[in-house]
Structures are given as C-alpha cells and as structure tokens.
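Have a look at the structure below before the remarks.
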Amino acid sequence: MTSFAPDSIVLNRKLPLWYQVSQSLRASILGRSPQDPLRLPTEEQLAGHYGVSVLTMRQALKELEDEGLISRHRRRGTFIEPHARRGSPVRLLGSVDAIVAQQSGMTTELLDHGSTPVPGELAEFFPDVGEVSTYHRLRSDEKTGEPTNHARNYVRPELAARIDLDDLVRWPMTKVLRDVAGADISRITDTVEARLADPETSKLLQVPLLSPILHYTGVTYDAAGRPLDVAVIHYRGDRFSFTVTLDAT
C-alpha cells in the first residue's frame with residue numbers, strides 16, 4: 001500500500017524537535033490533496049525522513065493523535081483521519097512551519113488579486129517599490145462551510161511573478177513564498193489586536209456589524225531584513241485564540 005509523503009523541513013535546534021516535526025506533519029496532512037493516500041509511513045521511516053529519533057517521532061505523532069488528525073492501529077499502521085480538521089487554538093513557538101501548519105486545513109477561495117500602489121499604512125515596509133501585488137482570500141471550515149477569516153496579502157512584485165494562483169487555493173501564502181517562489185524567509189513578526197467588524201468583514205465572515213474580531217498583521221522578512229509580504233487577516237472572534245510561548249534562553 002502506498003504511503004502518504006510528508007514535506008521536508010530544516011529543523012531549528014533551539015526549538016523542541018517533536019514540536020517542529022508535529023507542526024510540519026500537520027501542515028502536510030491539512031494541505032494534502034484528496035487523492036493522496038491516508039496511510040502514513042512507519043515510525044522508523046518518518047524518523048529517518050525528518051532526521052530525528054524514533055522516540056521524538058512518537059511524541060510528535062502522539063500530539064497529532066491527541067488532536068484527532070491521525071489514528072494508530074496496532075499491526076495495521078498509522079492513518080490520517082480524512083474528515084478531521086484542526087480545532088485547537090493557534091500556538092506559535094517561533095517556527096515558520098508552525099505558522100504554515102496553523103494556516104492550513106481550511107477551504108480557501110481567492111476573492112480577487114491584482115496590483116495596487118503601496119497603501120500608506122504599509123509604506124514603511126515597501127520603501128523601494130511603488131506597487132505591490134495583492135491577494136484577497138476567504139477561508140472557511142471545510143466541514144461546516146462556515147467562514148473563519150479573510151486575508152489580504154501584499155507581496156513584492158518580483159515574488160508575485162513566481163506565484164501560481166492555484167497554489168494559493170491549496171497552500172498558505174507562507175508556504176507558497178518559501179517552497180514555490182523560493183523566498184529566503186528569515187522571520188515573521190506577528191501583531192494581534194482586537195477590532196470591531198467593519199461592513200466588509202461583517203459580510204464575509206457572517207458576523208454582526210461591530211462584533212469583536214481578531215485583527216492580525218504578519219510581516220515576513222528575508223535574511224537581509226527586507227519585508228517580502230505583509231498579511232492582514234481578520235479572524236472571527238468566536239473561532240480563534242492565540243497563545244504565544246517565549247523561550248527564555
């Protein structure tokens with residue numbers, strides 16, 4: 001039987017290895033195609049794929065099993081739960097793969113795209129370009145069809161030229177920039193604040209006007225400290241919470 005093939009990652013030794021592996025595998029599972037096989041490789045094969053010990057791999061798999069994304073059967077193997085969706089709060093431990101994982105697993109509709117002069121509130125991030133490429137997407141729970149967030153990305157034009165619109169329907173922008181456009185992502189800076197739903201957000205997310213929402217701004221930087229993408233996302237306040245863990249070392 002053919003096994004599901006997860007993506008590869010470069011591990012950061014400053015973060016828990018089991019966590020990084022679980023986040024990467026989660027992103028692969030949530031972003032899989034319907035025709036992909038449901039059976040996962042063995043623990044030993046997965047450990048070799050990620051370059052970690054079998055014990056680390058078991059801990060990563062237990063995390064996904066506890067979330068209901070996989071099921072493990074003695075003598076039969078480990079399988080992806082085809083209808084399981086992510087329902088846990090967004091947790092950020094400093095890994096780009098964690099952000100990719102948390103953005104995955106929803107139905108995505110591309111509402112519009114094009115080029116626009118750099119908005120005044122984003123001028124500090126794009127001082128050297130006159131226009132940026134924009135992508136506006138609506139994400140919904142795959143099982144219920146309920147809208148959960150809508151996002152606008154403002155991307156440097158030279159990177160946008162390498163983006164296939166079909167990839168934006170299947171994958172989060174962070175993954176597309178890194179794995180498709182070849183961007184050298186160094187860090188992502190997140191800002192989350194409470195806002196009230198404006199008319200557009202109220203309509204798209206199907207919430208009352210002026211109801212609480214989470215307003216997220218994420219700036220993606222390359223190794224030279226140059227902003228590559230600014231994401232502005234509005235989350236339904238009744239569907240998301242954010243937990244940030246800071247390493248003291």
Side-chain angles (χ1 to χ4, degrees), residues 7 27-28 30-34 86 90 96-97 99-142 145-193 195 197-207 213-222 226-236 239-240:
D7 294 339
S28 296
L30 294 178
R32 72 190 186 280
S33 297
R86 177 181 57 80
V90 177
V96 170
D97 285 285
I99 294 174
V100 170
Q102 299 294 355
Q103 294 173 350
S104 302
M106 297 181 188
T107 299
T108 302
E109 176 186 358
L110 182 64
L111 299 177
D112 60 66
H113 67 93
S115 297
T116 185
V118 177
E121 65 272 20
L122 303 183
E124 64 177 298
F125 302 115
F126 301 105
D128 58 331
V129 296
E131 288 191 340
V132 287
S133 296
T134 62
Y135 304 89
H136 188 197
R137 290 170 297 160
L138 177 67
R139 299 189 185 104
S140 304
D141 184 284
E142 188 177 69
E146 182 181 59
T148 59
N149 67 85
H150 75 99
R152 276 190 174 87
N153 288 82
Y154 302 84
V155 181
R156 297 185 68 88
E158 65 269 23
L159 283 175
R162 306 176 211 161
I163 293 176
D164 189 316
L165 297 181
D166 289 339
D167 289 330
L168 287 179
V169 174
R170 179 179 180 187
W171 298 110
M173 177 63 82
T174 305
K175 181 176 178 65
V176 172
L177 288 175
R178 185 188 64 182
D179 298 346
V180 178
D184 181 15
I185 296 176
S186 174
R187 74 181 193 277
I188 299 175
T189 300
D190 301 318
T191 303
V192 182
E193 56 187 304
R195 294 275 184 94
D198 58 24
E200 179 186 46
T201 297
S202 173
K203 179 180 179 180
L204 288 174
L205 301 188
Q206 300 177 15
V207 297
I213 61 167
L214 291 177
H215 179 87
Y216 164 96
T217 303
V219 185
T220 300
Y221 296 86
D222 65 12
R226 183 183 62 161
L228 305 175
D229 163 56
V230 177
V232 179
I233 309 176
H234 294 89
Y235 291 96
R236 282 183 56 149
R239 291 297 306 272
F240 284 89

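We number each residue from 1, following the sequence as shown.
Remark: Trp171 CH2 to Leu30 CG distance equals 9.5 Å, nearest 0.5 Å. Residue His113 holds its NE2 atom at 4.5 Å from CG of Leu165, rounded to the nearest 0.5 Å. Expressed to the nearest 0.5 Å, how far CG of Asp164 lies from CZ of Arg170 amounts to 12.0 Å. With rounding to the nearest 0.5 angstrom, the CG atom of Asp167 is 11.5 Å from the CG atom of Leu110. Atoms OG and NZ, on Ser28 and Lys175 in that order, are 6.0 Å from each other to the nearest 0.5 Å. Annotation: the span from Tyr154 atom OH to Phe125 atom CZ amounts to 12.0 Å, rounded to 0.5 Å.
Not a single donor-acceptor pair under 3.5 Å links the side chain of Arg236 to the backbone N or O of Val207. With Thr220 contributing its side chain and Leu228 its backbone, the two residues share no donor-acceptor pair below 3.5 Å.
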Just list the side-chain donor-acceptor pairs under 3.5 Å for residues 115-124, sequence neighbours left out, or say none.
none

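Heavy atoms only, all atoms of each residue included: Ser140 and Gly145 are closest at CB-O, 3.8 Å. In terms of heavy-atom proximity, Ile213 sits nearest to Ala197 at CG2-CB, 3.9 Å. Of all the heavy atoms in Leu204 and Leu138, the pair that sits closest is O-CD1, 3.9 Å. Heavy atoms only, all atoms of each residue included: Val192 and Leu214 are closest at CG1-CD2, 4.3 Å. Annotation for His234 and Leu205: closest pair O-CD1, 3.6 Å, computed over non-hydrogen atoms.
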Margin query: Using side-chain contact (heavy atoms from CB on, under 4.5 Å), reason through Val230 and Thr217 one step at a time and then give a plain yes or no.
Written below: CA-CA 7 Å; Val230 177; Thr217 303; 4.1 Å; yes
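Ile233 pairs in a side-chain contact (heavy atoms from CB on, under 4.5 Å) with only one of the listed residues (His215, Arg137, Arg139, Arg152), which is Arg139.
Note: Tyr216 and Tyr235 have perpendicular aromatic rings, judged against thresholds of 30 and 60 degrees for the angle between ring planes.
The pair Asp128-Arg156 counts as a salt bridge, with a side-chain nitrogen and a carboxylate oxygen less than 4.0 angstrom apart.
Residues Leu177 and Ile163 have side chains in contact (heavy-atom distance under 4.5 Å, counting atoms from C-beta outward).
Judged by distance alone, the side chains of His150 and Thr201 do bring a donor and an acceptor atom under 3.5 Å apart.
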